[in-house]
Amino acid sequence: MYKVLLRPLFFLFDPEKIHHFTFSLIKTTSKIPGMCAIFRRLYVIEDAKLERQVFGLTFKNPVGLAAGFDKNAVLYNELANFGFGFIEIGTVTPKGQEGNPKKRLFRLKADQGIINRMGFNNEGLEAAIAQLKTNKGKVIIGGNIGKNTQTKPEDYTKDYLTCFNALHPYVDYFVLNVSCPNVGSHAKLNDKDYLLELISTVQKANTSFNKQKPILLKIAPDLNTTQLDEIIELIAETNLDGVIASNTSVNRSGLKASPELLTEIGNGGLSGQPIKDKSTEVIKYLAEKSYKAFPIIGVGGIHSAEDALEKINAGADLVQVYTGFIYEGPKLIKAINKALLKRS
């Protein structure tokens, strides 16, 4: 029904406007008595064979929703009814911010991709916490955190630390988002020495809590092998809990979209099918070169069960969807879990 009826209708409208409309639709529909049960019956697969033990957490299944969809943690309770094993909220910054000027979200239909330059638009830390206090415990929640756009470089770490300390009681794991191409002055965030400082500071804060939470690093798909080797060294030095590979890409090679359309769209991070192979290559390199020394969450271009299995075969312990969820609908999560059960 989604691909035949809803998606063609949704794709007639501006992507950002329809995103907000879809949120309202899911929220409203879920309030109808019995609808959450219907969603769960349609999309949720409960089977112990799907469970995964990763960085000290037990995931009901290995299919998650990537950060950027539920930025402000307003829909995770409802989205849990679509079969996800975990949902990552954010990116959350200390203060709410508008992000980059609109129009900033674009579909590449021929490529089954999306280009966005949202710029960490979110309502801020306090708004996210208020929503997380309504957590019904249906699903594991990840907290993706970042810095405010206007924060000075010398205060980057303070922003991450503020988010980490405040969100700690409310999320199950953390992701340090240092690889988004849509925020200003992010070059420092790719510097190994700075990453050592950032990770060490956050890890020290983690020890001050009775229960420590896993901390992951989200990296770009555009890193070369030298940079990936540095990531492996960084994780070995800091004992970081894992990596998410990968974020969106700034590369535009091989797209079906015309050069004129791409020029009209301008800058932004590319997601979806066009980055599928690149993100899988990054996963495979990290897994093989490190001798599988740390867990990897694979994300990028997963539009089918086969795409997800490809990521897992390359070395991913868990997978996340975002653009594939928009193009394929909630049946994608069930299809992946069914495929995993078939091969178990």
So, the side chain of [X] versus the backbone of [Y]: is there a donor-acceptor pair under 3.5 Å, distance only?
X	Y	answer
Tyr43	Leu332	no
Asn165	Ala205	no
Asn177	Lys218	no

Check your understanding: Is Val282 reachable from Ile302 through a run of hydrophobic residues whose side-chain heavy atoms are each under 4.5 Å from the next?
Key -> yes
Practice item. Determine whether Ile244 and Val139 fall in the same hydrophobic cluster, where Ile, Leu, Val, Met, Phe, Trp and Tyr are linked whenever their side-chain heavy atoms lie under 4.5 Å apart. Key: no
Exercise for review: Pick out which of Phe174, Tyr173, Tyr170 makes a ring-ring contact (aromatic ring centres under 6.0 Å, His included) with Phe164.
Suggested key: Phe174
Review point. For the ring pair Phe23 and Phe69, is the centre-to-centre distance below 6.0 Å?
Key: yes
Are a donor atom and an acceptor atom from the side chains of [X] and [Y] found within less than 3.5 Å of each other?
X	Y	answer
Asp155	Asn148	no
Thr151	Lys158	no
Ser253	Asn251	yes
Thr157	Glu197	yes

Check your understanding: Any idea how His303 and Tyr327 line up, ring-wise: parallel (<30°), tilted (30 to 60°), or perpendicular (>60°)?
Key -> tilted
Review point. Parallel, tilted or perpendicular: which fits the ring planes of Phe39 and Phe82, with parallel below 30° and perpendicular above 60°?
Key: tilted
Review point. Considering only heavy atoms from C-beta outward, does the side chain of Ile215 approach that of Leu240 to under 4.5 Å?
Key: yes
For a quick test of your reading: what N or O donor-acceptor pairs under 3.5 Å do the side chains of residues 268-278 make, sequence neighbours left out?
| unit_1 | atom_1 | unit_2 | atom_2 | d |
| --- | --- | --- | --- | --- |
| Ser271 | OG | Ile114 | O | 3.4 |
| Ser271 | OG | Thr323 | OG1 | 2.6 |
| Gln273 | NE2 | Gly301 | O | 2.8 |
| Gln273 | NE2 | Asp307 | OD2 | 3.1 |
| Lys276 | NZ | Glu310 | OE1 | 3.3 |

